[in-house]
Structures are given as structure tokens and as C-alpha cells.
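Pasting a structure below so you can have a look.
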Amino acid sequence: MPDPVAPSQPPPPPEAPPSADPSSLDLPPNIAAAIACIPLVGGIIFYLLEKRNSFVRFYAMQSIIFGGAWFLFNIASAVVHAVVGAIPGVGPILVFLWAVIAAPVHLAFLVVFIVAVVKAFSGVRWDIPYVGPMARKQVEGSGV
């Protein structure tokens, strides 16, 4: 009877995580991806510098799209704040109501940013809802 503890064939080696691809930077891929998560700036820098590692490029593109959405929300929020604040009488009340709406949105952006950094640092490819598929399509379509 064969010994179940000593199998005749060694188990196959575990597959390398996606962050084990060769990188064109001197940083480990998980560190580079975590830094690339910094909205807009980190994403643009790492997307331009990293040419080989799809893990870092994915997080960089996701950061560019996510940071752009966050930036556009800030612009829209400032416009709404200025327009609503100019209404005589009820302006301050409407500005307060807008702040009550905008604060949780900003908090959600911050939480998603922190989760993305933690996932990138741990070497897990995580898609931000709605943003991740767009980033994946851009990175895969770039053919680099």
C-alpha cells in the first residue's frame, strides 16, 4: 500500500502572484502599485515609468481614473457650493445641506483609496467598482 504521507510525485509549485512579473523599476511591484494608488499624480508617474509589470500598470491606470473622478467631484462640489451659496436667504441652508451630502461622498472616496492601497501593498489585484474594468481595458488594450 502506498504511503499517503510521501507521495510519489512532488506537488506542483504554486503559481506566481501577478505581482511577480519583472518590473522596470527598482521597487518591488507591490510597493510600486501601492504608491501608484495615490490619486492622479502617483498613477500618472507610475503609468509612464512602468513598462513591463501589468500589476503596477493596472493600479496606476485605476488611480488615474479614480483620481479623475474624485477631482471632477471636487470641481462639481465647488460649483454647487458657489451657486447655491449665492441664493439670498436660503443659500446658507442649502450650502449646509450640500455639505451633508458631499461629506459622505468624500469619505467614501477616502475609504476606497485606503482599501486600494492596502490591496496593492498585499499583492492582490482589486478592481474598484466601475473603475477597475475601465482600467483593465485600458491596460490590456495598450499592448505594452
Side-chain angles (χ1 to χ4, degrees), residues 4-7 9-144:
V5 177
Q9 296 179 11
E15 291 186 28
S19 60
D21 294 343
S23 176
S24 57
L25 302 171
D26 288 335
L27 292 171
N30 65 327
I31 304 273
I35 296 171
C37 286
I38 298 171
L40 278 180
V41 177
I44 291 170
I45 290 170
F46 278 88
Y47 191 76
L48 294 174
L49 292 178
E50 180 58 61
K51 299 297 181 194
R52 293 182 289 199
N53 191 301
S54 62
F55 181 72
V56 176
R57 288 181 61 82
F58 167 74
Y59 270 104
M61 180 55 70
Q62 189 166 249
S63 169
I64 292 169
I65 296 169
F66 179 73
W70 199 344
F71 183 71
L72 289 176
F73 179 77
N74 280 323
I75 290 174
S77 182
V79 168
V80 167
H81 186 269
V83 169
V84 168
I87 299 173
V90 295
I93 296 169
L94 295 175
V95 165
F96 174 75
L97 291 175
W98 177 251
V100 168
I101 293 169
V105 174
H106 283 291
L107 185 61
F109 274 116
L110 181 65
V111 167
V112 168
F113 162 67
I114 291 170
V115 169
V117 169
V118 169
K119 293 285 190 178
F121 189 72
S122 64
V124 176
R125 188 177 294 232
W126 179 66
D127 287 0
I128 295 174
Y130 302 106
V131 174
M134 289 188 288
R136 188 176 307 281
K137 187 187 298 184
Q138 289 295 321
V139 170
E140 289 173 357
S142 67
V144 175

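All values below were derived from every heavy atom in this structure, side-chain atoms included, with hydrogens, water molecules and symmetry-related copies excluded.
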If I compare all heavy atoms of Ile38 with all of Ser63, which pair ends up nearest, and what's the gap?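 Smallest interatomic distance, heavy atoms only, reads O-OG, 2.8 Å.
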Can you tell me how far CG of Leu27 sits from CD1 of Ile35, rounded to the nearest 0.5 angstrom?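 Between Ile35 CD1 and Leu27 CG, I get 5.5 Å after rounding to 0.5 Å.
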Could you tell me which non-hydrogen atom of Leu40 sits nearest to which non-hydrogen atom of Ile64, and how far apart they are?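 Smallest interatomic distance, heavy atoms only, reads CD2-O, 3.6 Å.
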With a cut-off of under 6.0 Å to the ring centre and 45° to the axis, is Arg57 in cation-pi contact with Tyr47?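 Judged by the rule, Arg57 and Tyr47 form a cation-pi pair.
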With side chain to side chain contact (heavy atoms under 4.5 Å, CB included) as the test, would you mind laying out the steps for Val84 and Leu97 before giving the verdict? CA-CA 10 Å; Val84 168; Leu97 291 175; over 6 Å; no
Only one of Phe71, Phe73, Phe109, Phe113 forms a ring pair (Phe, Tyr, Trp, His ring centres under 6.0 Å) with Phe66, so which one is it?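 Answer to the ring pair (Phe, Tyr, Trp, His ring centres under 6.0 Å) test with Phe66 among Phe71, Phe73, Phe109, Phe113: Phe109.
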I need the Asp127 CG to Met134 CE distance, nearest 0.5 Å.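 CE of Met134 is found 10.5 Å from CG of Asp127.
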I need the minimum non-hydrogen distance between Asn30 and Phe55, along with the two atoms involved.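 Closest heavy-atom pair between Asn30 and Phe55: CA-CE2, 4.1 Å.
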Closest approach of Pro39 and Gly67, non-hydrogen atoms and distance?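 Looks like CB-CA, 3.7 Å.
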Non-hydrogen atoms of Ser54 and Val139 that approach each other most closely: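 So the two residues come closest at O-CG1, 4.5 Å.
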If only atom types and distance count, is the side chain of Gln138 paired as donor or acceptor with the main-chain N or O of Glu140 below 3.5 Å?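 No: the side chain of Gln138 does not pair with the backbone of Glu140.
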Rounded distance [0.5 Å steps], CD1 in Ile93 versus CD1 in Ile87: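 Spacing of CD1 (Ile93) from CD1 (Ile87) equals 11.0 Å.
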Give a yes or no answer on whether the side chain of Gln62 reaches the backbone of Trp126 with a donor-acceptor pair at less than 3.5 Å.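 Side chain of Gln62 to backbone of Trp126: a pair is present.
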Fit a plane to each ring of His106 and Trp70, take the angle between them on a 0 to 90° scale, and name the class: parallel (under 30°), tilted (30 to 60°) or perpendicular (over 60°).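 Geometry flag for Trp70 against His106: tilted rings.
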Taking all heavy atoms of Ala116 and all of Tyr59, pick out the closest pair and write down the distance.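 Closest heavy-atom pair between Ala116 and Tyr59: O-CE2, 3.8 Å.
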